[in-house]
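Here is the structure we will look at.
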Amino acid sequence: VQLQASGGGWVQPGGSLRLSCEASGRTYSGGAVGWFRQAPGKERVFVAAIQWSGGSTPYAAGVKGRFTISKDHAKNTVYLQMNRLKPEDTAVYYCAAVDRSNRLITSVLSLAATYEFWGQGTQVTVSS
């Protein structure tokens, strides 16, 4: 699976951005895509995830209610709509994928080790 992330950029606090992650070369109809982010000097952390076959969509506590993850099966693309952005959202955002025929247990979707494939990352900068 190849992942192409896009949509990052600079935005003022309170603004919005939409990230896209196009997944090509999927073998199975199941599996999941997750978004992670890494701020300068910090570890990569989970943001949100979604499964191609449905189920719950977990979010990190700090983005719940502001970020929304969604998918477009026809385009093999997962989106991360980010609203009411804060300076602390500044990071490189990575999308990651796991290619499976079945649905995964929700609890594993927030673990980086679950994912087999990673995109190149897209920078999001929130500042005035």
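In what follows, every heavy atom counts, from backbone to side chain, and hydrogens, waters and symmetry copies are set aside. One-based numbering along the sequence shown.
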4.5 Å side-chain heavy-atom contact, [X] and [Y]:
{"X": "L85", "Y": "F67", "answer": "yes"}
{"X": "S29", "Y": "S101", "answer": "no"}
{"X": "Q81", "Y": "S16", "answer": "yes"}

Donor-acceptor pairs are to be reported for all side-chain atoms of residues 121-128 against protein atoms at under 3.5 Å, with residues two or more places apart or in another chain.
from	atom 1	to	atom 2	distance (Å)
T122	OG1	G8	N	3.1
Q123	NE2	A91	O	3.4
Q123	NE2	T125	OG1	3.4
S127	OG	W10	NE1	2.9

Out of curiosity, does [Y] fall in the hydrophobic cluster containing [X] (side-chain heavy atoms, cut-off under 4.5 Å, transitive links)?
{"X": "F36", "Y": "V92", "answer": "yes"}
{"X": "W52", "Y": "I50", "answer": "yes"}
{"X": "V47", "Y": "Y115", "answer": "no"}
{"X": "I69", "Y": "Y79", "answer": "no"}
{"X": "V33", "Y": "F46", "answer": "no"}

- [ ] Would you confirm whether K71, through its side chain, and N76, through its main-chain N or O, come within 3.5 Å as a donor-acceptor pair?
- [x] no
Task: R103 side chain vs S53 backbone, donor-acceptor pair below 3.5 Å - done: yes
- [ ] For Q2 and E22, run side chain to side chain contact (heavy atoms under 4.5 Å, CB included): C-alpha distance rounded to whole Å, both residues' side-chain angles, the deciding distance at 0.1 Å, then the answer.
- [x] CA-CA 8 Å; Q2 293 79 45; E22 182 178 0; over 6 Å; no
Open item on the list: Run the side chain to side chain contact (heavy atoms under 4.5 Å, CB included) test against T114 and tell me which residues pass, sequence neighbours left out.
Closed with: V98, L104, V108, L111
Task: Residues forming a side chain to side chain contact (heavy atoms under 4.5 Å, CB included) with T106, sequence neighbours excluded - done: S56, P58
- [ ] Assess whether side-chain hydrogen bond (donor to acceptor under 3.5 Å, both in side chains) is satisfied between R37 and Y93, documenting all intermediate values.
- [x] CA-CA 4 Å; R37 67 186 182 186; Y93 283 70; 2.8 Å; yes
TODO: Would you mind listing the cluster partners of L3? Hydrophobic ones only (ILVMFWY), side-chain contacts under 4.5 Å, chaining allowed.
DONE: V1, F117
Open item on the list: Among residues at least two apart in sequence or on other chains, which ones pass salt bridge (Lys or Arg N to Asp or Glu O under 4.0 Å) with D99?
Closed with: none
Open item on the list: Using the salt bridge (Lys or Arg N to Asp or Glu O under 4.0 Å) criterion, which residues pair with E116? Sequence neighbours excluded.
Closed with: R100
Open item on the list: Does the Lys NZ or Arg CZ of R44 fall within the cation-pi geometry relative to Y94 - under 6.0 Å from the ring centre and within 45° of the axis?
Closed with: yes
TODO: Identify the heavy atoms of R66 and R84 that sit nearest to each other, and give their distance.
DONE: NH1-O, 2.9 Å
Open item on the list: Measuring from atom CD of Q120 to atom SG of C95, what distance do you get when rounded to the nearest 0.5 angstrom?
Closed with: 7.0 Å
- [ ] Could you grab the distance from atom OH of Y59 to atom CG of L80, nearest 0.5 Å is fine?
- [x] 7.5 Å
Task: side-chain hydrogen bond (donor to acceptor under 3.5 Å, both in side chains) between T77 and D72, worked out - done: CA-CA 5 Å; T77 299; D72 184 328; over 6 Å; no
Open item on the list: A quick test of your reading: do over 12 heavy atoms of other residues, nucleotides or ligands sit less than 6.0 Å from CD of E88?
Closed with: yes
